[in-house]
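Before any comments, here is the structure.
Chain naming here is simple, since letters A, B, ... match the order of the sequence lines and numbering starts at 1 in each.
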There are 2 protein chains.
Amino acid sequence: MENKIFRNFISNKGLKLTKERLAVLNEIFSFRGHFEPEQLYLRIKDSEIKASRASVYRTLNLLVESGLVGKVARTEKGNVYEQTFGQEHHDHMICDRCGAIIEFCSQKIENLQDELCKKNNFDGTSHNLVIRGLCKKCKRTKR
Amino acid sequence: MENKIFRNFISNKGLKLTKERLAVLNEIFSFRGHFEPEQLYLRIKDSEIKASRASVYRTLNLLVESGLVGKVARTEKGNVYEQTFGQEHHDHMICDRCGAIIEFCSQKIENLQDELCKKNNFDGTSHNLVIRGLCKKCKRTKR
DNA sequence: ACTGCAATTGAGACTAAATATCAATTAAAC
DNA sequence: GTTTAATTGATATTTAGTCTCAATTGCAGT
Ligand SMILES: [Mn+2]
Ligand SMILES: [Mn+2]
Ligand SMILES: [Zn+2]
Ligand SMILES: [Zn+2]
(Lines give C-alpha, C1' and ligand atoms only; values in the text may rest on other atoms or scores of the structure.)
(Ligands and ions follow the chains in the order given, each with its own letter.)
Protein backbone atom coordinates (compact mmCIF):
# COMPACT_ATOMS: atom_id res chain seq x y z
CA MET A 1 0.00 0.00 0.00
CA GLU A 2 2.63 2.53 1.06
CA ASN A 3 4.59 0.92 -1.73
CA LYS A 4 2.00 1.98 -4.25
CA ILE A 5 1.83 5.51 -2.91
CA PHE A 6 5.60 5.80 -3.12
CA ARG A 7 5.68 4.50 -6.71
CA ASN A 8 3.09 7.10 -7.58
CA PHE A 9 4.99 9.88 -5.88
CA ILE A 10 8.25 8.90 -7.56
CA SER A 11 6.77 8.66 -11.01
CA ASN A 12 4.85 11.91 -10.60
CA LYS A 13 8.12 13.67 -9.90
CA GLY A 14 9.85 12.04 -12.87
CA LEU A 15 12.26 10.19 -10.61
CA LYS A 16 13.49 6.62 -10.76
CA LEU A 17 12.26 3.75 -8.65
CA THR A 18 15.58 2.31 -7.50
CA LYS A 19 16.18 -0.73 -5.33
CA GLU A 20 17.93 1.48 -2.79
CA ARG A 21 14.86 3.69 -2.39
CA LEU A 22 12.65 0.65 -2.01
CA ALA A 23 15.06 -0.80 0.53
CA VAL A 24 14.69 2.31 2.69
CA LEU A 25 10.93 2.36 2.32
CA ASN A 26 10.59 -1.32 3.20
CA GLU A 27 12.92 -1.07 6.17
CA ILE A 28 10.94 1.82 7.62
CA PHE A 29 7.60 0.10 7.14
CA SER A 30 8.87 -3.19 8.53
CA PHE A 31 8.43 -1.88 12.06
CA ARG A 32 6.50 0.72 14.00
CA GLY A 33 7.92 3.52 16.09
CA HIS A 34 10.38 6.36 16.05
CA PHE A 35 13.78 6.14 14.45
CA GLU A 36 16.92 8.10 13.70
CA PRO A 37 18.60 8.13 10.28
CA GLU A 38 21.81 6.55 11.55
CA GLN A 39 19.97 3.63 13.17
CA LEU A 40 17.96 3.16 10.02
CA TYR A 41 21.16 3.09 7.97
CA LEU A 42 22.76 0.50 10.24
CA ARG A 43 19.75 -1.77 9.81
CA ILE A 44 19.73 -1.36 6.05
CA LYS A 45 23.47 -1.95 5.87
CA ASP A 46 22.90 -5.45 7.23
CA SER A 47 19.79 -6.23 5.22
CA GLU A 48 19.25 -8.04 1.93
CA ILE A 49 19.22 -5.00 -0.33
CA LYS A 50 21.60 -2.37 1.00
CA ALA A 51 21.79 1.39 0.58
CA SER A 52 24.49 3.87 1.48
CA ARG A 53 24.22 6.43 4.21
CA ALA A 54 23.85 9.16 1.58
CA SER A 55 20.98 7.32 -0.08
CA VAL A 56 19.25 6.75 3.23
CA TYR A 57 19.31 10.46 3.96
CA ARG A 58 18.23 11.33 0.45
CA THR A 59 15.37 8.85 0.43
CA LEU A 60 14.26 9.96 3.87
CA ASN A 61 13.74 13.45 2.53
CA LEU A 62 11.69 12.10 -0.35
CA LEU A 63 9.55 10.07 2.00
CA VAL A 64 8.84 13.11 4.14
CA GLU A 65 7.92 15.06 1.03
CA SER A 66 5.57 12.27 -0.02
CA GLY A 67 3.84 12.34 3.34
CA LEU A 68 4.58 8.69 4.10
CA VAL A 69 7.07 9.63 6.79
CA GLY A 70 7.04 12.50 9.24
CA LYS A 71 9.71 14.38 11.09
CA VAL A 72 8.82 14.03 14.75
CA ALA A 73 11.36 16.48 16.13
CA ARG A 74 14.87 17.70 16.04
CA THR A 75 16.67 16.66 19.22
CA GLU A 76 20.12 17.62 20.50
CA LYS A 77 21.47 14.63 18.65
CA GLY A 78 19.59 14.91 15.37
CA ASN A 79 16.28 14.31 13.66
CA VAL A 80 13.73 11.74 14.76
CA TYR A 81 11.28 10.31 12.24
CA GLU A 82 8.28 8.01 12.19
CA GLN A 83 6.03 6.47 9.56
CA THR A 84 2.84 8.48 9.26
CA PHE A 85 0.90 6.48 6.69
CA GLY A 86 -1.72 4.35 8.43
CA GLN A 87 -0.92 5.90 11.78
CA GLU A 88 -3.25 7.93 13.93
CA HIS A 89 -2.18 11.54 14.25
CA HIS A 90 -0.56 12.36 17.55
CA ASP A 91 1.87 14.75 19.18
CA HIS A 92 4.88 14.17 21.40
CA MET A 93 6.49 14.82 24.75
CA ILE A 94 10.26 14.36 24.75
CA CYS A 95 12.38 13.90 27.85
CA ASP A 96 15.39 16.20 27.84
CA ARG A 97 17.36 13.82 30.05
CA CYS A 98 16.84 10.31 28.61
CA GLY A 99 15.18 11.05 25.27
CA ALA A 100 12.05 9.05 26.07
CA ILE A 101 9.16 9.91 23.78
CA ILE A 102 5.55 9.92 24.95
CA GLU A 103 2.78 10.08 22.38
CA PHE A 104 -0.49 11.83 23.04
CA CYS A 105 -3.47 13.18 21.19
CA SER A 106 -5.96 15.79 22.28
CA GLN A 107 -8.96 16.42 20.11
CA LYS A 108 -9.60 19.58 22.11
CA ILE A 109 -6.23 20.99 21.16
CA GLU A 110 -6.76 19.99 17.53
CA ASN A 111 -10.10 21.81 17.53
CA LEU A 112 -8.62 24.92 19.11
CA GLN A 113 -5.94 24.95 16.45
CA ASP A 114 -8.57 24.81 13.72
CA GLU A 115 -10.38 27.69 15.41
CA LEU A 116 -7.20 29.75 15.57
CA CYS A 117 -6.49 29.08 11.89
CA LYS A 118 -9.95 30.26 10.95
CA LYS A 119 -9.58 33.37 13.08
CA ASN A 120 -6.27 34.20 11.35
CA ASN A 121 -7.46 33.36 7.85
CA PHE A 122 -4.78 30.71 7.75
CA ASP A 123 -5.22 27.53 5.72
CA GLY A 124 -3.50 25.08 8.07
CA THR A 125 -2.43 21.77 6.55
CA SER A 126 -0.19 20.30 9.26
CA HIS A 127 1.15 21.04 12.68
CA ASN A 128 3.84 19.95 15.07
CA LEU A 129 3.52 20.11 18.82
CA VAL A 130 6.39 19.00 21.01
CA ILE A 131 6.45 19.36 24.77
CA ARG A 132 9.86 19.09 26.39
CA GLY A 133 10.78 18.41 29.97
CA LEU A 134 11.45 15.46 32.23
CA CYS A 135 9.70 12.10 32.03
CA LYS A 136 8.23 10.31 35.02
CA LYS A 137 11.41 8.35 35.62
CA CYS A 138 13.89 11.22 35.23
CA LYS A 139 11.74 13.55 37.30
CA ARG A 140 12.42 11.28 40.27
CA THR A 141 16.19 11.20 39.71
CA LYS A 142 16.36 14.95 39.28
CA ARG A 143 19.70 16.70 40.01
CA MET B 1 16.45 43.79 36.67
CA GLU B 2 17.50 40.73 34.68
CA ASN B 3 20.93 41.63 35.96
CA LYS B 4 19.82 41.18 39.53
CA ILE B 5 18.12 37.87 38.79
CA PHE B 6 21.27 36.61 37.13
CA ARG B 7 23.49 37.68 40.06
CA ASN B 8 21.16 35.82 42.35
CA PHE B 9 21.17 32.71 40.21
CA ILE B 10 24.95 32.73 39.92
CA SER B 11 25.55 33.21 43.62
CA ASN B 12 22.95 30.58 44.53
CA LYS B 13 24.86 28.05 42.45
CA GLY B 14 28.19 29.02 44.00
CA LEU B 15 29.50 30.27 40.67
CA LYS B 16 31.51 33.36 39.84
CA LEU B 17 30.12 36.56 38.38
CA THR B 18 32.63 37.12 35.59
CA LYS B 19 32.81 39.99 33.14
CA GLU B 20 32.39 37.51 30.29
CA ARG B 21 29.10 36.23 31.68
CA LEU B 22 27.85 39.76 32.19
CA ALA B 23 28.90 40.64 28.65
CA VAL B 24 26.73 37.84 27.27
CA LEU B 25 23.79 38.78 29.48
CA ASN B 26 24.00 42.45 28.55
CA GLU B 27 24.35 41.77 24.85
CA ILE B 28 21.25 39.56 24.85
CA PHE B 29 19.17 42.08 26.76
CA SER B 30 20.34 44.97 24.60
CA PHE B 31 17.86 43.98 21.90
CA ARG B 32 14.64 42.05 21.42
CA GLY B 33 13.96 39.08 19.21
CA HIS B 34 15.33 35.69 18.24
CA PHE B 35 19.04 35.02 17.94
CA GLU B 36 21.53 32.27 17.20
CA PRO B 37 24.62 31.62 19.34
CA GLU B 38 27.03 32.35 16.50
CA GLN B 39 25.43 35.73 15.75
CA LEU B 40 25.50 36.57 19.42
CA TYR B 41 29.18 35.68 19.57
CA LEU B 42 29.99 37.86 16.56
CA ARG B 43 28.28 40.83 18.26
CA ILE B 44 30.09 40.24 21.52
CA LYS B 45 33.42 39.82 19.74
CA ASP B 46 33.13 43.41 18.55
CA SER B 47 31.80 44.88 21.77
CA GLU B 48 33.47 46.60 24.70
CA ILE B 49 33.84 43.55 26.94
CA LYS B 50 34.46 40.46 24.86
CA ALA B 51 33.88 36.77 25.45
CA SER B 52 35.03 33.71 23.55
CA ARG B 53 32.76 31.46 21.56
CA ALA B 54 33.11 28.81 24.27
CA SER B 55 32.06 31.23 26.97
CA VAL B 56 29.09 32.39 24.95
CA TYR B 57 27.82 28.84 24.63
CA ARG B 58 28.50 28.11 28.28
CA THR B 59 26.78 31.27 29.49
CA LEU B 60 23.83 30.66 27.20
CA ASN B 61 23.21 27.35 28.94
CA LEU B 62 23.33 29.06 32.30
CA LEU B 63 20.88 31.70 31.16
CA VAL B 64 18.44 29.06 29.96
CA GLU B 65 18.79 27.27 33.28
CA SER B 66 18.08 30.53 35.08
CA GLY B 67 14.93 31.07 33.04
CA LEU B 68 16.06 34.44 31.69
CA VAL B 69 16.53 33.02 28.21
CA GLY B 70 14.52 30.39 26.37
CA LYS B 71 15.35 27.98 23.62
CA VAL B 72 12.84 28.84 20.90
CA ALA B 73 13.57 25.98 18.55
CA ARG B 74 16.13 23.62 17.13
CA THR B 75 16.35 24.33 13.43
CA GLU B 76 18.31 22.46 10.78
CA LYS B 77 21.07 24.95 11.31
CA GLY B 78 21.17 25.06 15.10
CA ASN B 79 19.46 26.40 18.16
CA VAL B 80 17.47 29.62 18.24
CA TYR B 81 17.11 31.53 21.50
CA GLU B 82 15.24 34.54 22.78
CA GLN B 83 15.05 36.44 26.03
CA THR B 84 12.06 35.27 28.00
CA PHE B 85 12.18 37.60 30.95
CA GLY B 86 9.46 40.17 30.43
CA GLN B 87 8.29 38.60 27.17
CA GLU B 88 4.90 37.14 26.35
CA HIS B 89 4.91 33.47 25.35
CA HIS B 90 3.54 32.67 21.91
CA ASP B 91 3.41 30.03 19.15
CA HIS B 92 3.64 30.28 15.38
CA MET B 93 1.89 29.66 12.09
CA ILE B 94 4.27 29.54 9.14
CA CYS B 95 3.21 29.93 5.52
CA ASP B 96 4.70 27.22 3.32
CA ARG B 97 4.54 29.46 0.26
CA CYS B 98 5.86 32.85 1.35
CA GLY B 99 7.34 32.10 4.78
CA ALA B 100 5.15 34.58 6.58
CA ILE B 101 5.05 34.03 10.34
CA ILE B 102 1.91 34.65 12.38
CA GLU B 103 2.27 34.70 16.14
CA PHE B 104 -0.57 33.55 18.34
CA CYS B 105 -1.25 32.51 21.89
CA SER B 106 -4.08 30.44 23.24
CA GLN B 107 -4.41 30.13 26.97
CA LYS B 108 -6.85 27.28 26.41
CA ILE B 109 -4.22 25.26 24.54
CA GLU B 110 -1.64 26.07 27.19
CA ASN B 111 -3.98 24.81 29.89
CA LEU B 112 -4.75 21.62 27.98
CA GLN B 113 -1.03 20.98 27.62
CA ASP B 114 -0.53 21.34 31.35
CA GLU B 115 -3.38 18.90 31.90
CA LEU B 116 -1.84 16.38 29.51
CA CYS B 117 1.53 16.67 31.23
CA LYS B 118 -0.04 15.98 34.59
CA LYS B 119 -1.93 13.01 33.18
CA ASN B 120 1.34 11.57 31.81
CA ASN B 121 3.44 12.31 34.87
CA PHE B 122 5.58 14.51 32.66
CA ASP B 123 7.36 17.57 34.04
CA GLY B 124 6.95 19.89 31.05
CA THR B 125 9.28 22.87 30.95
CA SER B 126 8.77 24.14 27.41
CA HIS B 127 6.83 23.45 24.27
CA ASN B 128 6.85 24.24 20.61
CA LEU B 129 3.76 24.44 18.45
CA VAL B 130 4.06 25.26 14.78
CA ILE B 131 1.14 25.19 12.37
CA ARG B 132 2.03 25.06 8.69
CA GLY B 133 -0.10 25.89 5.68
CA LEU B 134 -1.02 28.89 3.57
CA CYS B 135 -1.44 32.42 4.83
CA LYS B 136 -4.39 34.65 3.98
CA LYS B 137 -2.59 36.18 1.01
CA CYS B 138 -1.22 32.95 -0.47
CA LYS B 139 -4.51 31.13 0.04
CA ARG B 140 -6.05 33.51 -2.50
CA THR B 141 -3.27 33.10 -5.05
CA LYS B 142 -3.31 29.33 -4.68
CA ARG B 143 -1.60 27.44 -7.54
C1' DA C 1 15.93 -6.54 -26.72
C1' DC C 2 19.03 -2.64 -27.65
C1' DT C 3 20.40 2.13 -27.16
C1' DG C 4 21.04 6.66 -25.16
C1' DC C 5 21.16 9.37 -21.44
C1' DA C 6 19.72 11.76 -17.46
C1' DA C 7 19.04 10.29 -12.83
C1' DT C 8 21.18 7.86 -9.10
C1' DT C 9 24.52 5.75 -6.30
C1' DG C 10 28.33 5.45 -2.90
C1' DA C 11 32.90 6.27 -0.97
C1' DG C 12 34.88 9.67 0.99
C1' DA C 13 35.68 14.67 1.47
C1' DC C 14 33.63 18.42 3.58
C1' DT C 15 30.76 21.68 6.68
C1' DA C 16 29.46 23.57 10.77
C1' DA C 17 27.26 23.52 15.43
C1' DA C 18 28.50 22.32 19.68
C1' DT C 19 31.50 20.21 23.15
C1' DA C 20 35.92 18.83 25.33
C1' DT C 21 40.71 19.80 26.71
C1' DC C 22 43.86 22.03 29.64
C1' DA C 23 47.37 25.52 30.89
C1' DA C 24 46.89 30.19 32.31
C1' DT C 25 43.98 33.43 34.62
C1' DT C 26 40.80 35.29 38.00
C1' DA C 27 36.77 35.97 41.36
C1' DA C 28 36.04 35.89 45.88
C1' DA C 29 36.28 33.82 50.58
C1' DC C 30 39.19 34.24 54.49
C1' DG D 1 47.40 39.81 50.49
C1' DT D 2 47.01 34.76 50.18
C1' DT D 3 44.71 30.72 48.76
C1' DT D 4 42.03 27.98 45.89
C1' DA D 5 38.61 26.36 43.05
C1' DA D 6 36.10 28.22 39.20
C1' DT D 7 36.65 30.17 34.68
C1' DT D 8 38.54 31.43 30.41
C1' DG D 9 39.95 30.84 25.57
C1' DA D 10 42.72 28.91 21.93
C1' DT D 11 42.46 24.88 19.85
C1' DA D 12 41.22 20.09 19.02
C1' DT D 13 37.46 17.01 18.63
C1' DT D 14 32.95 15.18 17.63
C1' DT D 15 29.28 14.25 14.68
C1' DA D 16 24.83 14.93 11.96
C1' DG D 17 24.19 15.95 7.59
C1' DT D 18 25.57 17.58 2.89
C1' DC D 19 28.43 17.66 -1.21
C1' DT D 20 31.36 15.75 -4.98
C1' DC D 21 31.95 13.19 -8.93
C1' DA D 22 33.15 9.00 -11.47
C1' DA D 23 30.75 4.82 -12.20
C1' DT D 24 26.30 2.76 -12.56
C1' DT D 25 21.48 2.11 -13.66
C1' DG D 26 16.44 2.83 -14.49
C1' DC D 27 13.70 3.61 -18.20
C1' DA D 28 11.75 5.93 -22.38
C1' DG D 29 12.04 5.52 -27.18
C1' DT D 30 12.88 2.68 -30.96
MN1 LIG E 1 5.03 9.24 17.38
MN1 LIG F 1 2.47 28.13 23.51
ZN1 LIG G 1 13.56 10.68 30.89
ZN1 LIG H 1 2.01 33.13 2.50
Side-chain angles (χ1 to χ4, degrees), chain A residues 3 6-27 34-66 69 71-81 94 96-97 99, chain B residues 3 6-27 34-66 69 71-81:
Chain A
N3 216 288
F6 188 57
R7 277 166 197 275
N8 236 34
F9 172 78
I10 287 291
S11 117
N12 271 6
K13 289 206 75 169
L15 303 178
K16 292 180 181 176
L17 190 70
T18 67
K19 56 180 169 23
E20 288 84 1
R21 283 175 177 163
L22 284 173
V24 175
L25 176 71
N26 290 333
E27 190 58 40
H34 306 133
F35 63 89
E36 290 156 47
E38 181 65 17
Q39 311 315 314
L40 182 65
Y41 164 65
L42 291 177
R43 293 181 59 159
I44 288 172
K45 197 177 64 149
D46 296 333
S47 71
E48 187 69 20
I49 297 151
K50 304 175 196 316
S52 70
R53 188 176 274 112
S55 282
V56 169
Y57 274 100
R58 286 184 290 227
T59 305
L60 216 32
N61 287 334
L62 286 176
L63 287 168
V64 169
E65 201 188 328
S66 78
V69 170
K71 192 181 287 184
V72 171
R74 182 166 181 96
T75 68
E76 291 309 318
K77 212 166 148 282
N79 286 323
V80 177
Y81 296 88
I94 302 181
D96 282 328
R97 169 105 17 108
Chain B
N3 215 289
F6 188 58
R7 277 166 198 276
N8 236 34
F9 172 80
I10 287 291
S11 118
N12 271 4
K13 289 205 76 169
L15 302 179
K16 292 180 182 177
L17 191 71
T18 65
K19 56 180 169 24
E20 288 85 1
R21 283 174 177 163
L22 284 173
V24 174
L25 175 71
N26 289 332
E27 190 58 40
H34 303 152
F35 63 90
E36 289 155 49
E38 180 66 17
Q39 312 314 314
L40 181 65
Y41 164 65
L42 291 177
R43 294 182 57 158
I44 288 172
K45 198 176 63 148
D46 297 332
S47 71
E48 187 69 21
I49 298 153
K50 304 175 197 313
S52 69
R53 188 176 276 113
S55 282
V56 169
Y57 274 100
R58 286 184 291 227
T59 305
L60 217 32
N61 287 334
L62 286 176
L63 287 168
V64 169
E65 202 187 329
S66 79
V69 170
K71 196 179 285 185
V72 171
R74 291 151 225 265
T75 68
E76 292 310 315
K77 208 166 149 283
N79 287 324
V80 177
Y81 296 88

How would you list all residue pairs meeting salt bridge (charged side-chain N to carboxylate O under 4.0 Å, His left out) that involve residues 46-63 of chain A, not counting sequence neighbours?
Glu38(A)-Arg53(A)
Distances under 3.5 Å only, N/O to N/O: pair up the protein atoms with those of nucleotides 22-26 of chain D.
unit_1  : atom_1 : unit_2   : atom_2 : d
dT25(D) : O2     : Lys16(A) : NZ     : 3.2
dG26(D) : N3     : Lys16(A) : NZ     : 3.1

Between C1' on dA16(C) and CZ on Arg74(A), what's the gap in Å once rounded to a whole number?
11 Å
Output the rounded distance in Å from CG (Leu42(B)) to C1' (dA16(C)).
13 Å
Arg43(B), Lys77(B), Lys71(B) screened by salt bridge (Lys or Arg N to Asp or Glu O under 4.0 Å) with Glu36(B), the one that passes:
Lys77(B)
Pairwise 5' ranking along DNA chain C for Glu38(B) and Gly14(A), keeping only the more 5' one:
Gly14(A)
Without decimals, in angstroms, what is the distance between Asn79(B) CG and dA16(D) P?
15 Å
CG of Asn26(B) to CD1 of Ile44(B), rounded to nearest 0.5 Å, is 9.0 Å
Listing, residues 18-25 of chain B side-chain donor-acceptor contacts under 3.5 Å, not counting sequence neighbours, or none:
unit_1   : atom_1 : unit_2   : atom_2 : d
Thr18(B) : OG1    : Arg21(B) : N      : 3.2
Arg21(B) : NH1    : Lys16(B) : O      : 2.7

In whole angstrom, give the distance that lies between atom CG of Leu62(B) and atom P of dA6(D).
14 Å
Counting just side-chain N and O atoms, does Ser55(B) come under 4.0 Å of either OP1 or OP2 of dG9(D)?
yes
dist Leu40(A):CG -> Tyr57(A):OH (nearest 0.5 Å) comes out at 9.5 Å
Just how far, in rounded Å, is C1' of dA17(C) from CG of Leu40(B)?
14 Å
Take the C1' atoms of the five end pairs on each side of the helix from dA1(C)-dT30(D) to dC30(C)-dG1(D), get both axes, and report the angle to 10 degrees.
40°
Do Leu62(A) and Glu65(A) make a side-chain contact, defined as non-hydrogen atoms from C-beta onward lying under 4.5 Å apart?
yes
May I have the distance from Lys13(B) (atom NZ) to dA28(C) (atom C1'), rounded to whole angstrom?
19 Å
Sub-4.5 Å side-chain heavy-atom contact between Phe9(B) and Leu63(B):
no
Would you check if Tyr41(A) and Leu60(A) make a side-chain contact, meaning some heavy-atom pair closer than 4.5 Å?
no
Name the pairs: protein N/O against N/O of nucleotides 18-21 of chain D, kept only if under 3.5 Å.
none

Shortest non-hydrogen contact from Asn79(A) toward Pro37(A):
O-CD, 3.4 Å
Who passes ring pair (Phe, Tyr, Trp, His ring centres under 6.0 Å) against His34(A), sequence neighbours left out?
His92(A)
How many Å lie between CD on Gln39(B) and C1' on dA16(C), as a whole number?
13 Å
Using atom NZ of Lys45(A) as one end and atom P of dA11(C) as the other, report the distance to the nearest whole Å.
10 Å
Kindly compute the distance separating CD (Gln39(B)) from CG (Leu42(B)), expressed to the nearest 0.5 Å.
5.5 Å
